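Quick notes on the structure that follows.
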Amino acid sequence: MPILTQEFFARPTLTVARDLLGQRLVRDLDGQRLSGLIVETEAYIGPDDTASHARMGRTDRNAIMFGPAGVAYVYFIYGMYHMLNIVTDQPDFPAAILIRALEPLTGQTAMQAHRQKNNRPLKPINLTNGPGKLCQALAIDRRLNHFPITQGHTLWLEPGDPLPDQAIAAGPRVGIDYATPECVAAPWRFWIKGNRFVSKR
DNA sequence: GGATCGATCGGCT
DNA sequence: GCCGATCGATCCG
């Protein structure tokens with residue numbers, strides 16, 4: 001099975017954010033294959049993006065965004081959730097793409113086990129329709145921070161069917177009210193039109 | 001259906 | 001000491 005390579009990610013971030021839609025994210029967990037189609041992404045671009053973790057310059061946490069493309073940036077937020085990002089563009093230009101939602105494909109039983117709290121079954125729609133949810137479903141945490149996703153093991157991407165521009169929508173990013181008005185308004189969130197697993201409709 | 005709010009902790013000022 | 005690239009429970013209609 002072909003794998004998306006570093007060249008795919010080392011391009012302008014908006015291009016990569018659009019092109020990631022429809023690709024298949026694969027997580028290998030002790031030989032078990034959990035996977036889903038990427039249906040929603042968000043771009044965080046450059047030192048002047050006041051919504052980005054890189055807005056205050058380089059720190060220990062965000063230094064990875066200044067490094068080579070094709071590695072996972074996984075961080076912990078709100079005291080309980082993880083977010084999966086992929087570093088893009090060229091070194092020394094801080095940029096990354098947040099994976100916001102998946103359409104579950106293989107391994108849905110395991111995703112259920114990772115996601116459910118009590119013993120109550122979870123509706124399939126709630127497995128991976130949000131950035132915190134998909135990390136929980138695929139067992140992605142800080143141990144995968146800095147992991148190169150171009151190696152074809154543990155965590156990687158496989159090409160899906162190309163999507164026509166007509167199938168893709170763009171709009172403002174979510175949860176960044178602290179940013180400047182221009183950055184809040186920038187249409188740097190992308191999703192597949194009409195897909196049920198997009199986090200906000 | 002929508003609005004509101006608490007959980008919970010690491011990173012940064 | 002503050003606050004967040006979120007989620008789910010709860011309350012209201």
Side-chain angles (χ1 to χ4, degrees), chain A residues 9 13-14 16-18 20-21 25 36 38-67 69 71-89 93-104 111-147 149 155 169-191 196-201:
Chain A
F9 301 103
T13 304
L14 290 178
V16 182
R18 272 189 293 261
L20 275 175
L21 297 174
L25 179 69
I38 296 178
V39 301
E40 184 183 358
T41 61
E42 269 179 9
Y44 291 84
I45 310 175
D48 299 326
D49 181 358
T50 56
S52 170
H53 287 173
R55 65 189 179 275
M56 307 299 277
R58 191 190 296 240
T59 66
D60 282 348
R61 179 174 70 152
N62 68 24
I64 185 171
M65 295 180 71
F66 293 77
V71 306
Y73 170 34
V74 182
Y75 64 87
F76 186 61
I77 188 97
Y78 296 119
M80 48 181 104
Y81 298 110
H82 295 274
M83 302 281 117
L84 171 64
N85 300 256
I86 301 169
V87 177
T88 55
D89 218 301
F93 184 79
I97 294 167
L98 172 67
I99 307 300
R100 285 197 56 90
L102 303 176
E103 176 174 336
M111 295 185 197
Q112 279 279 354
H114 295 146
R115 284 276 298 137
Q116 75 181 358
K117 292 196 143 98
N118 313 329
N119 259 340
R120 304 182 211 296
L122 210 56
K123 289 180 187 166
I125 191 71
N126 282 319
L127 284 179
T128 55
N129 63 335
K133 297 178 187 180
L134 73 90
C135 283
Q136 199 172 41
L138 299 195
I140 291 168
D141 61 27
R142 276 171 296 184
R143 287 172 294 187
L144 286 174
N145 195 22
H146 292 270
F147 185 84
I149 62 164
L155 186 68
R173 293 169 291 179
V174 176
I176 54 161
D177 291 344
Y178 54 84
T180 58
E182 314 85 71
C183 289
V184 168
W188 290 356
R189 170 180 175 238
F190 301 92
W191 66 94
R196 307 183 303 285
F197 294 90
V198 170
S199 67
K200 309 232 178 203
R201 328 250 352 238

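Everything quoted here is computed from the prediction, not taken from an experiment. Numbers restart at 1 for each chain; the letters A, B, ... are given by sequence-line order, proteins then strands.
Nucleotides of DNA chain C nearest to A:Gly175 and A:Asn126 differ in position, and the one nearer the 5' end is that of A:Gly175. With DNA chain C read from its 5' end, the first of the two nearest nucleotides for A:Lys133 and A:Ala51 is the one closest to A:Ala51.
Between the side chain of A:Glu40 and the backbone N or O of A:Ser199, at least one donor-acceptor pair lies under 3.5 Å. Distance alone, capped at 3.5 Å, places no donor-acceptor pair between the A:Thr128 side chain and the A:Ala101 backbone. No donor-acceptor pair closer than 3.5 Å links the side chain of A:Gln136 to the backbone N or O of A:Tyr81. The main-chain N or O of A:Leu122 is never found under 3.5 Å from a side-chain atom of A:Asn126 such that the two would form a donor-acceptor pair.
Evaluation of the salt bridge (charged side-chain N to carboxylate O under 4.0 Å, His left out) rule for A:Asp48 yields no partner, not counting sequence neighbours. In this view, A:His53 and A:Tyr73, A:Tyr75 satisfy the ring pair (Phe, Tyr, Trp, His ring centres under 6.0 Å) rule, not counting sequence neighbours. Applying the salt bridge (charged side-chain N to carboxylate O under 4.0 Å, His left out) criterion to A:Asp89, with sequence neighbours excluded, gives no partner residue. Considering only residues two or more places apart in sequence or on other chains, A:Phe76 meets the ring pair (Phe, Tyr, Trp, His ring centres under 6.0 Å) condition with A:His82. Every residue was checked against the side chain to side chain donor-acceptor pair (under 3.5 Å) condition with A:Asn85, not counting sequence neighbours, and none meets it. Residues satisfying the salt bridge (charged side-chain N to carboxylate O under 4.0 Å, His left out) test with A:Arg61, not counting sequence neighbours, are none. A:Arg55 meets the salt bridge (charged side-chain N to carboxylate O under 4.0 Å, His left out) test with no other residue; sequence neighbours excluded.
Among the atoms of the strands shown, only primed sugar atoms or phosphate atoms (P, OP1, OP2) are found under 4.0 Å from some heavy atom of A:Arg142.
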Could you run down the sub-3.5 Å N/O contacts of the protein with nucleotides 9-13 of chain C?
none

Protein-nucleotides 2-8 of chain B N/O pairs closer than 3.5 Å?
unit_1	atom_1	unit_2	atom_2	d
B:dT8	O2	A:Tyr78	O	2.4

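What separates CE of A:Met65 from P of B:dG11 is a distance of 16 Å, to the nearest Å.
Open room surrounds CZ on A:Arg143; 12 or fewer heavy atoms of other groups in view lie less than 6.0 Å from it.
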Structure string for DNA chain C in dot-bracket form, Watson-Crick and G-U at under 3.5 Å, | interchain: ||||.|||||||.

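Residues from residues 52-64 of chain A with heavy atoms under 4.0 angstrom of DNA chain B, sorted by number: A:Met56, A:Thr59, A:Arg61.
For the pair A:Tyr178 and C:dG4, the ring geometry does not qualify as stacking, because the centroid separation below 5.5 Å and plane angle under 30° are not jointly satisfied.
One finds a side-chain N or O of A:Arg100 lying less than 4.0 angstrom from the OP1 or OP2 phosphate oxygen of C:dT6.
The stretch residues 173-185 of chain A participates, sequence neighbours left out, in these salt bridge (charged side-chain N to carboxylate O under 4.0 Å, His left out) pairs: A:Asp49-A:Arg173.
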